[in-house]
Number of protein chains: 2
Amino acid sequence: MIDLNKFNDIYLQLEAAILEKKYLPGELLPSENELSKQFQASRETIRKALALLLENGYIQKQQGKGSIVLDVNRFVFPVAGLTSFKELQESQKMPSQTIVTKNQTGPISKPLMERLHLPKETQVISLERVRKIQGEAVILDYDFLLADVISDIPNEVAEDSIYDYIENDLGLTISYAQKEITVEPVTKQDKELLDLNGDSHVVVVRSDVYMQDTTLFQYTESRHRMDKFRFVEFARRKQV
Amino acid sequence: MIDLNKFNDIYLQLEAAILEKKYLPGELLPSENELSKQFQASRETIRKALALLLENGYIQKQQGKGSIVLDVNRFVFPVAGLTSFKELQESQKMPSQTIVTKNQTGPISKPLMERLHLPKETQVISLERVRKIQGEAVILDYDFLLADVISDIPNEVAEDSIYDYIENDLGLTISYAQKEITVEPVTKQDKELLDLNGDSHVVVVRSDVYMQDTTLFQYTESRHRMDKFRFVEFARRKQV
DNA sequence: CAGTGGTCTAGACCACCAC
DNA sequence: TGGTGGTCTAGACCACTGC
């Protein structure tokens with residue numbers, strides 16, 4: 001019941017209440033003062049919990065009126081916030097399989113060196129993985145991890161989730177990423193490793209991933225068959 | 001100098017200082033207590049300003065250490081937060097042109113009715129626009145706006161920015177959107193209106209846009225030539 | 001250990017909405 | 001006018017970092 005943070009705990013309770021339809025879409029949540037009494041918390045703490053609900057698209061606030069519960073049937077495919085293949089796959093519950101086609105440590109390649117502004121002595125772990133969904137090879141993942149941060153990745157881990165391993169087993173904290181989505185012509189390797197059905201292009205998602213201390217530690221390139229790619233985002237308009 | 005909100009004002013000042021390289025990437029900002037004195041504000045107010053810097057990728061915070069300034073050369077193409085073609089175009093400074101090929105009001109179409117769960121009596125404004133960049137037709141935009149919220153869109157507005165018009169001229173507040181990015185086979189109309197060079201697919205960005213009072217008021221479908229599409233995002237890992 | 005950020009509080013004043 | 005959310009404060013205690 002009790003979480004590390006009071007406001008996070010309150011957030012989780014309110015989220016659960018909304019998902020259980022104790023508050024229906026279009027209805028108002030109790031006022032901040034009311035919640036303040038209910039949860040035995042100060043109003044600022046309640047407001048922090050509500051800020052999380054707002055950010056995640058559960059409510060919309062209106063001054064003078066209250067917090068309106070939004071319709072959350074849209075929660076099909078939340079790809080915001082660094083979601084990895086493993087997390088996607090879990091939320092999708094699709095039968096899937098990962099084949100590790102490469103897992104080796106060596107000096108950094110020149111293009112990667114230039115892209116990430118790293119010295120040429122840098123050692124990197126290179127991963128290459130093919131993701132199959134329902135028997136079809138539809139995603140090709142390249143990962144490059146700095147070897148001085150992560151010494152090596154066991155193959156069993158590469159078949160599962162490297163994030164899980166890094167965060168839970170190694171105790172490192174991944175903090176943020178810079179992502180880019182483009183559509184590019186297929187390469188020879190795409191044709192070899194993916195079931196492309198003659199497609200001319202693939203969707204390419206590139207990410208630079210950083211640790212909490214702001215050091216770069218991973219570069220990922222994820223190449224998706226066009227028809228299997230979908231990106232969904234809940235975006236709030238910047239209020240200037 | 002003085003903004004509506006103190007914390008927003010402080011945020012803007014710190015943002016400017018970072019952009020002007022008064023604080024360099026890798027350096028620490030002054031501590032919260034220090035900033036508190038500098039700006040004559042309470043620490044919580046400073047923290048709100050820092051939260052904005054954090055959210056927008058200017059800094060990374062570390063408990064016990066401080067706020068580290070990040071490298072913001074990545075500020076090439078911020079597409080987060082409901083960015084429209086007009087805003088993109090301004091940030092890109094590319095020579096571009098919009099051709100309005102349709103602008104009419106009428107009853108809602110059946111597919112749209114089903115998608116948005118609206119009654120069949122609903123009147124909508126239908127816009128169709130072709131966006132040219134450097135002389136090439138590369139984006140096809142369909143917009144459907146609820147006619148009871150927006151009475152009509154003058155053609156001059158459609159050629160420019162409908163968001164500007166809605167927010168500044170009509171005084172309405174756009175609040176949030178649900179966006180989806182997919183890659184789909186080209187339609188007959190794509191072929192007719194865009195310069196596709198034989199491409200088989202286009203990138204499709206669909207958005208449902210909502211007002212501050214949570215009413216839906218716009219559906220947009222934006223169809224991009226593959227090679228002209230790029231989506232960049234700064235994502236923070238969800239801290240559980 | 002001192003200094004940093006992270007959380008939480010109780011109270012104040014303001015802007016907005018509905019009646 | 002009373003209730004709502006939005007902002008701001010001064011102060012407290014805790015957890016983490018670095019020396």
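Sequence lines set the chain letters: A, B, ... in the order given, protein chains first and strands last, and positions in each chain run from 1.
Nearest to the side chain of A:Ser31, among C:dT9, D:dG5, D:dA12, sits D:dG5. Considering only side-chain atoms of A:Lys65, the nucleotide from C:dA18, C:dG5, D:dT7 that sits closest is C:dA18. Distance from the side chain of B:Lys48 is smallest for D:dC8 among the nucleotides D:dG5, D:dC8, C:dG5.
Taking only side-chain nitrogens and oxygens, B:Arg47 comes nearer than 4.0 Å to OP1 or OP2 of C:dG6. For D:dT7, neither phosphate oxygen OP1 nor OP2 lies less than 4.0 angstrom from any side-chain nitrogen or oxygen of B:Thr45. Close to D:dT4, at under 4.0 Å from its OP1 or OP2, lies no side-chain N or O of A:Lys61.
A donor-acceptor pair shorter than 3.5 Å cannot be found between the side chains of A:Gln38 and A:Ser36. Side-chain contact, A:Glu221 with A:Tyr219: a donor N or O sits under 3.5 Å from an acceptor N or O.
Using a cutoff of 4.0 Å between basic side-chain nitrogens and carboxylate oxygens, B:Glu32 and B:Lys61 are scored as salt-bridged.
Here the P atom of nucleotide D:dC8 and the CG atom of B:Leu35 are 15 Å apart, to the nearest Å. The distance from atom CD1 of A:Ile46 to atom P of C:dC8 is 11 Å, rounded to the nearest whole Å. For the pair B:Lys37 NZ and C:dT4 P, the computed distance is 8 Å after rounding to whole Å. Per the geometry, CD belonging to B:Glu32 stands 16 Å off C1' belonging to C:dA2, to the nearest Å. Counting to the nearest Å, the C1' atom of D:dA10 and the CZ atom of B:Arg43 are 12 Å from each other. Between the P atom of D:dT7 and the CD atom of A:Glu44 lies a distance of 10 Å, rounded to the nearest Å. Atom CG of A:Asn5 and atom C1' of C:dT9 are 15 Å apart (whole Å). The distance from atom CG of B:Leu54 to atom P of C:dG5 is 12 Å, rounded to the nearest whole Å.
DNA chain C is contacted by both A:Gly64 and B:Leu29; B:Leu29 maps to the nucleotide lying nearer its 5′ end (nearest heavy atom per residue). If you find the closest nucleotide of DNA chain C to A:Gln62 and to A:Ser42, the one lying nearer the 5' end belongs to A:Ser42.
Ring centroid separation for the pair B:Phe231 and A:Phe231 comes in under the 6.0 Å cut-off.
Scanning all heavy atoms of the two residues, the minimum distance from A:Ala158 to A:Thr98 falls at O-CG2, 3.9 Å.
Remark: side-chain polar atoms of A:Asn155 are not paired, donor with acceptor, to backbone N or O of A:Asn103 under 3.5 angstrom. Side chain of B:Asp9 to main chain of B:Asn5: no donor-acceptor pair is present (N/O by atom type, distance under 3.5 Å, no hydrogens or angles).
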- Using Watson-Crick and G-U wobble pairs with both distances under 3.5 Å, what is the 5'-to-3' dot-bracket string of DNA chain C, with [ ] for crossing pairs and | for pairs outside the strand? ||||||||||||||||||.
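Checked by distance alone, A:Gln40 brings no side-chain donor or acceptor within 3.5 Å of a matching partner on the base of C:dC8. A donor and an acceptor atom never sit less than 3.5 Å apart when one is taken from the side chain of A:Gln63 and the other from the base of C:dC14.
Under the ring-ring contact (aromatic ring centres under 6.0 Å, His included) criterion, A:Tyr210 pairs with A:Tyr176, sequence neighbours left out.
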